[in-house]
Amino acid sequence: ADLVIGLVHEGVEPTGFTKDVDAVIAGHTHKQRNEPGQPPVVQPGNYGNALADIDVVYDKADKKVVSVTTANHTAAEMAAACGDKANRSA
């Protein structure tokens with residue numbers, strides 16, 4: 001595969017994955033996490049209070065992932081980014 005993103009529901013650390021895994025979205029603990037590493041691990045918390053964001057730069061000519069960055073964005077940040085002035089999620 002050109003890009004592999006793991007989706008796991010157990011407590012996970014950014015170790016123990018092969019180099020073929022580019023990023024991991026985690027769950028289970030209901031805590032927000034954004035941990036660099038190979039691969040980076042991101043977890044958006046619980047009850048929709050955050051959105052996990054994974055940005056991938058892929059080189060089509062070389063057919064490889066160039067970089068992966070991860071972040072968590074709160075519901076309020078997402079509402080503001082979408083132009084929701086009332087911020088109904090706060």
Side-chain angles (χ1 to χ4, degrees):
D2 293 335
L3 174 67
V4 176
I5 297 178
L7 178 60
V8 298
H9 187 257
E10 291 296 323
V12 65
E13 299 300 323
T15 58
F17 291 93
T18 69
K19 63 180 177 64
D20 298 321
V21 178
D22 298 297
V24 175
I25 301 172
H28 186 68
T29 63
H30 299 272
K31 296 179 181 179
Q32 287 192 33
R33 293 172 59 186
N34 184 25
E35 299 174 6
Q38 181 51 42
V41 176
V42 66
Q43 182 172 312
N46 59 354
Y47 303 113
N49 63 9
L51 175 76
D53 179 16
I54 300 175
D55 293 320
V56 177
V57 176
Y58 183 79
D59 186 326
K60 289 182 182 179
D62 289 339
K63 296 183 178 181
K64 68 177 187 176
V65 174
V66 176
S67 66
V68 178
T69 57
T70 58
N72 283 319
H73 302 285
T74 66
E77 290 171 329
M78 295 309 299
C82 293
D84 184 354
K85 303 296 186 218
N87 195 7
R88 293 180 294 251
S89 61

**Request:** Report the distance from atom CG of N34 to atom NE2 of H73, rounding to the nearest 0.5 Å.
**Result:** 9.0 Å
**Asked** In terms of ring plane angle, is the pair H30 and Y47 parallel, tilted or perpendicular, where the classes change at 30° and 60°?
**Response** parallel
**Message:** Tell me the closest heavy-atom pair linking R33 and V41, and the distance in Å.
**Reply:** NH2-CG1, 3.8 Å
**Prompt:** So, does D62 use its side chain to make a donor-acceptor pair with the main chain of K64 at under 3.5 Å?
**Reply:** no
**Prompt:** Should side-chain heavy atoms under 4.5 Å link Ile, Leu, Val, Met, Phe, Trp and Tyr, which residues sit in the same cluster as V65?
**Reply:** L3, I5, L7, I25, V42, I54, V56, Y58, V68
**Prompt:** Which heavy atom of H28 sits nearest a heavy atom of H9, and at what distance?
**Reply:** CB-O, 3.0 Å
**Heavy-atom donor-acceptor pair, Q32 side chain to N46 backbone, under 3.5 Å** = no
**Request:** Drop me the distance from N72's CG to M78's CE, to the nearest 0.5 angstrom.
**Result:** 11.0 Å
**Request:** For D53 and T70, indicate whether the former's side chain and the latter's backbone hold a donor-acceptor pair under 3.5 Å.
**Result:** no
**Asked** What heavy-atom pair brings A26 and P44 nearest, and what distance separates the two atoms?
**Response** O-CD, 4.0 Å
**Prompt:** Other than V57, which residues form its hydrophobic cluster under the rule that side-chain heavy atoms must be closer than 4.5 Å?
**Reply:** V66
**Asked** Considering residues at least two apart in sequence or located in another chain, which fulfil the side chain to side chain donor-acceptor pair (under 3.5 Å) criterion with T29?
**Response** Q43
